[in-house]
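Worksheet: one structure, shown below.
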Number of protein chains: 2
Amino acid sequence: MARSSQTDMAVLGALSIEPMTGYALREAIRDVLGHFWSESFGQIYPTLARLEQFGHVERDPATRAYRITAAGTRHFHELLAQPIQDVPARNGLLLRLFFGRSLGIEACRALLTRSRDEARRRLAEYDEIAATVATESQHTDDAVFWQMTVSAGRHSARAAVAWADECLAVLDRFPAAAPGTDR
Amino acid sequence: MARSSQTDMAVLGALSIEPMTGYALREAIRDVLGHFWSESFGQIYPTLARLEQFGHVERDPATRAYRITAAGTRHFHELLAQPIQDVPARNGLLLRLFFGRSLGIEACRALLTRSRDEARRRLAEYDEIAATVATESQHTDDAVFWQMTVSAGRHSARAAVAWADECLAVLDRFPAAAPGTDR
DNA sequence: TCCGTCATGTAATATGTTACATGATTAG
DNA sequence: CTAATCATGTAACATATTACATGACGGA
């Protein structure tokens, strides 16, 4: 047990779809899983080295790509079945808004507008990704699941937009007070 | 600069509302900010010690409670104005679902059901909190902002429920395949 | 040849959690 | 007086990011 099994899971999972070099792996994680997962360079290489030691991955001498082994696949399935490790909640936007009285209404408005625009941008991005997955992977058994993760992003982004709009409306009706009026 | 200014922000912010001991501070952060923020014991005490060294907080000799100073309030306002530091995305549920073909449909269904029930539970919790804030803090200038953070939780939980329902419906229509059929 | 990209890796640093150690205070 | 809770702190460990060092390879 122990160790950040979630990093192992991401790496083994990516390699289970297609053998890759460490470099390509980092790009795949960033570009494909990027909406809900991230791994840094400094994590990927040591993880690959460790997985190779345990015989969970091996290198193709010709292409230098890492390939998952039978043992690695077994390990991957074990990891997938493990309970989800939630990361501690840390929402910098909500933390600032909670102290909105100290931050000042104008600054809050700016944060909310920014966050809403960001969510809208994400929404457009998800639409593109969904279209790509639909055309490129429609015959894969993976497609359904990939669409689910995109859909999660969509729902979450739509909720973010609606929430921000609601908050901005509340602020508009709010009696204009001097910013940063503590105590 | 430097240092986890976000931890400083949470601590100073909490103390700006009311002086507290380190112990009470941890409880306040867990119970009040818990839906969007978390700090562990091992962070809070060193942070308080450091803030005291810099004169940002001081102790009431009588009650032992930490109190924010004028310098601390200035520092707090500076921190609030700093750009939001996003935490790297790490959604264990979506990571597993992405590899749903390997995980198996039944396990996916279980994960989704669990996640939906969890979101429903959160939804009920937010309703309670909203009611509490409405009655207890309605005359505070803080109330509007606190309601916003609760509303964020509500929107997000509702989106989570809708998304999970949608996914479960998709899986119901999905041709039952053997679980864990890799390659 | 020289630049950009591919590729691998390590070291320094930051951050953060958990478990442990310790003692004061207070309610029953 | 004794168990529970309040309270403070540290040490060990885990995790992760960033910056740096190094070099191969292919195309302009």
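Computed from a predicted model, the values in this text were never measured in an experiment. Order of the sequence lines fixes the chain letters, A, B, ..., with proteins taken first and strands second; residue numbering starts at 1 for each chain.
The distance between atom CD of B:Glu27 and atom P of D:dA7, rounded to the nearest whole Å, is 8 Å. Between the P atom of C:dG16 and the CG atom of B:Leu48 lies a distance of 15 Å, rounded to the nearest Å. At whole-Å resolution of the value, CG in B:Asp86 and C1' in D:dT17 are 15 Å apart. When the C1' atom of D:dG9 is taken as reference, atom CD1 of B:Ile44 falls 13 Å away, rounded to whole Å. If you measure from atom CZ of A:Arg64 to atom C1' of C:dG9, you get 13 Å, rounded to the nearest angstrom. The nearest whole Å value for the distance from the CD atom in B:Glu39 to the C1' atom in D:dT8 is 17 Å. Separating the CZ atom of A:Arg50 from the P atom of D:dA16 is a distance of 11 Å, rounded to the nearest angstrom. The CG atom of B:Asp31 sits 11 Å away from the P atom of D:dC6 (whole-angstrom rounding).
Using a 4.0 Å cut-off between a side-chain N of Lys or Arg and a carboxylate O of Asp or Glu, B:Glu166 and A:Arg154 do not qualify as a salt bridge. With respect to B:Asp60 and B:Arg67, a salt bridge is recorded, a charged nitrogen being found less than 4.0 Å from a carboxylate O. Between B:Arg109 and B:Asp172, at least one side-chain N (NZ, or NE/NH1/NH2) sits under 4.0 Å from a carboxylate O, which counts as a salt bridge. Salt bridge B:Glu125/B:Arg121: present, at least one basic N to carboxylate O contact under 4.0 Å.
Note on B:Gly42: a base of the nucleic acid sits closer than 4.0 angstrom, heavy atoms only.
Side-chain N/O atoms of A:Thr69 and A:Glu58 include no donor and acceptor closer than 3.5 Å.
Proximity note for A:Gln43 (side chain, C-beta onward) versus C:dA7, C:dT17, D:dT17: the nearest is D:dT17. The B:Phe41 side chain lies nearest to C:dT18 when the options are D:dC6, C:dA7, C:dT18.
Projected onto DNA chain C by closest heavy-atom contact, A:Tyr66 and B:Ser40 fall at different nucleotides, the more 5' of which corresponds to A:Tyr66. Two residues, B:Gly22 and B:Pro88, neighbour DNA chain D, and the one matched to the more 5' nucleotide by heavy-atom proximity is B:Gly22.
Contact between the side-chain N/O atoms of A:Thr7 and the OP1/OP2 oxygens of D:dT15 is not found at any separation under 4.0 Å. In this structure, A:Tyr23 reaches the C:dC6 phosphate: one of its side-chain N or O atoms is under 4.0 Å from OP1 or OP2. The side chain of B:Arg90 places no N or O atom within less than 4.0 Å of a non-bridging phosphate oxygen (OP1 or OP2) of D:dT15. Phosphate proximity of D:dT8 to B:Tyr45: present, with a side-chain N or O under 4.0 Å from OP1 or OP2. Between B:Arg59 and D:dT8 there is a side-chain polar atom (N or O) within less than 4.0 angstrom of OP1 or OP2.
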